[in-house]
Trainee: 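Would you mind keeping the following structure in view while I ask a few things?
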Amino acid sequence: LDHADAIEQHARELDAFKLAQATFAHEAAINHQQLSDHISTESKTRDSQYLALNDHLAILERQLEGCVDKLSGHTQSFEDEMVSRGRLTSDIREQGEYSFNLSAR
């Protein structure tokens, strides 16, 4: 090759390299944008799932609080009933002892 042909071949190779580099940069930018979009979509999906989970947990907490309140009320009613039965039993015993003492006279 003579000097002019070598320069021309070098210029063609340089142009091909520049084109390949521009193509690569363009494809890299597209891939970067697609990846960013995918990450954003995944992040939004996870955020909505997290919020939905928090909503479900809040509902369960309210239901559990309601159950605890009911149980507390039932427990108090049961305790009141036991105290009332204890008084009634005591009154019956006292009346029985009184009746026994009267009949023994």
Side-chain angles (χ1 to χ4, degrees):
L1 292 174
D2 70 1
H3 186 65
D5 289 339
I7 292 175
E8 191 176 313
Q9 182 179 358
H10 180 72
R12 283 192 306 269
E13 289 173 355
L14 187 58
D15 288 342
F17 176 76
K18 287 179 181 179
L19 179 61
Q21 185 181 25
T23 302
F24 175 79
H26 178 71
E27 289 175 359
I30 290 171
N31 288 339
H32 176 75
Q33 186 60 48
Q34 288 173 343
L35 183 60
S36 293
D37 292 346
H38 180 72
I39 289 171
S40 176
T41 300
E42 285 295 315
S43 179
K44 289 175 184 175
T45 300
R46 288 218 167 83
D47 288 348
S48 68
Q49 289 172 344
Y50 177 76
L51 292 175
L53 181 60
N54 278 345
D55 291 343
H56 289 301
L57 286 174
I59 290 168
L60 289 174
E61 285 175 352
R62 284 194 299 273
Q63 289 175 344
L64 185 59
E65 287 171 359
C67 290
V68 168
D69 291 344
K70 284 181 183 178
L71 180 61
S72 177
H74 290 310
T75 301
Q76 185 62 47
S77 296
F78 178 75
E79 289 172 355
D80 292 346
E81 182 68 24
M82 295 309 294
V83 168
S84 177
R85 286 185 184 197
R87 286 188 197 129
L88 182 60
T89 302
S90 177
D91 290 348
I92 290 171
R93 281 190 189 132
E94 287 176 12
Q95 193 166 11
E97 289 173 9
Y98 178 73
S99 297
F100 177 74
N101 288 337
L102 284 179
S103 64
R105 288 185 184 176

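All of these numbers come straight from a predicted model, not from anything done at the bench. Worth knowing before you read on, the calculation uses all heavy atoms, side chains too, and leaves out hydrogens, waters and symmetry mates. Throughout, residue positions are numbered sequentially from 1 according to the sequence presented.
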Trainee: Any chance you could pull the hydrophobic cluster mates of L53, using side-chain heavy atoms under 4.5 angstrom and chaining through other members?
Mentor: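 When side chains under 4.5 Å apart are linked, the cluster holding L53 also contains L57.
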Trainee: So Q76 and D80, side-chain hydrogen bond (donor to acceptor under 3.5 Å, both in side chains) or not? Walk me through it.
Mentor: CA-CA 6 Å; Q76 185 62 47; D80 292 346; 2.9 Å; yes
Trainee: Can you list the residues that meet the salt bridge (Lys or Arg N to Asp or Glu O under 4.0 Å) rule with E42, with sequence neighbours excluded?
Mentor: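 E42: salt bridge (Lys or Arg N to Asp or Glu O under 4.0 Å) contacts with R46.
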Trainee: Check whether S40 reaches the backbone of S36 with its side chain - one donor and one acceptor, N or O, closer than 3.5 Å.
Mentor: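 No, because the side chain of S40 does not come within donor-acceptor range (under 3.5 Å) of the backbone of S36.
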Trainee: Within the distance-only criterion (no hydrogens, no angle test), does the side chain of T75 pair as donor or acceptor with the backbone N or O of L71 below 3.5 angstrom?
Mentor: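 Yes; at least one donor-acceptor contact below 3.5 Å.
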Trainee: Around atom CZ of R12, are there more than 12 heavy atoms from other residues, nucleotides or ligands closer than 6.0 Å?
Mentor: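 Result for CZ/R12: enclosed.
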Trainee: Just how far is it from atom NE2 of H74 to atom CD of E81, taken to the nearest 0.5 Å?
Mentor: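 The NE2 atom of H74 sits 14.0 Å away from the CD atom of E81.
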Trainee: Please list, chain by chain and in numerical order, all residues satisfying salt bridge (Lys or Arg N to Asp or Glu O under 4.0 Å) with R62, sequence neighbours excluded.
Mentor: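 Not a single residue meets the salt bridge (Lys or Arg N to Asp or Glu O under 4.0 Å) criterion with R62.
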Trainee: Do any N or O atoms from the side chain of T89 and from the backbone of R85 form a donor-acceptor pair under 3.5 angstrom?
Mentor: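 Such a contact is found between T89 side chain and R85 backbone.
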Trainee: Going from CG on D15 to NE2 on H10, what distance comes out if it is rounded to the nearest 0.5 angstrom?
Mentor: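 One gets 9.5 Å once the value is rounded to the nearest 0.5 Å.
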Trainee: Between Q63 and L60, is a side chain to side chain contact (heavy atoms under 4.5 Å, CB included) present by the stated rule, with each step listed?
Mentor: CA-CA 5 Å; Q63 289 175 344; L60 289 174; 3.7 Å; yes
Trainee: From L64 CG over to D69 CG, what is the distance, rounded to the nearest 0.5 angstrom?
Mentor: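 It comes to 9.5 Å.
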Trainee: Between CG of L19 and NE2 of H26, what distance do you get to the nearest 0.5 Å?
Mentor: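 Spacing of CG (L19) from NE2 (H26) equals 11.5 Å.
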Trainee: Supply the atom-to-atom distance I39 CD1 to Q34 CD, rounded to the nearest 0.5 angstrom.
Mentor: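 Here the rounded value is 12.0 Å.
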Trainee: Can you tell me if N31 and E27 form a side-chain donor-acceptor pair at under 3.5 Å?
Mentor: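 Distance-only check fails for N31 and E27.
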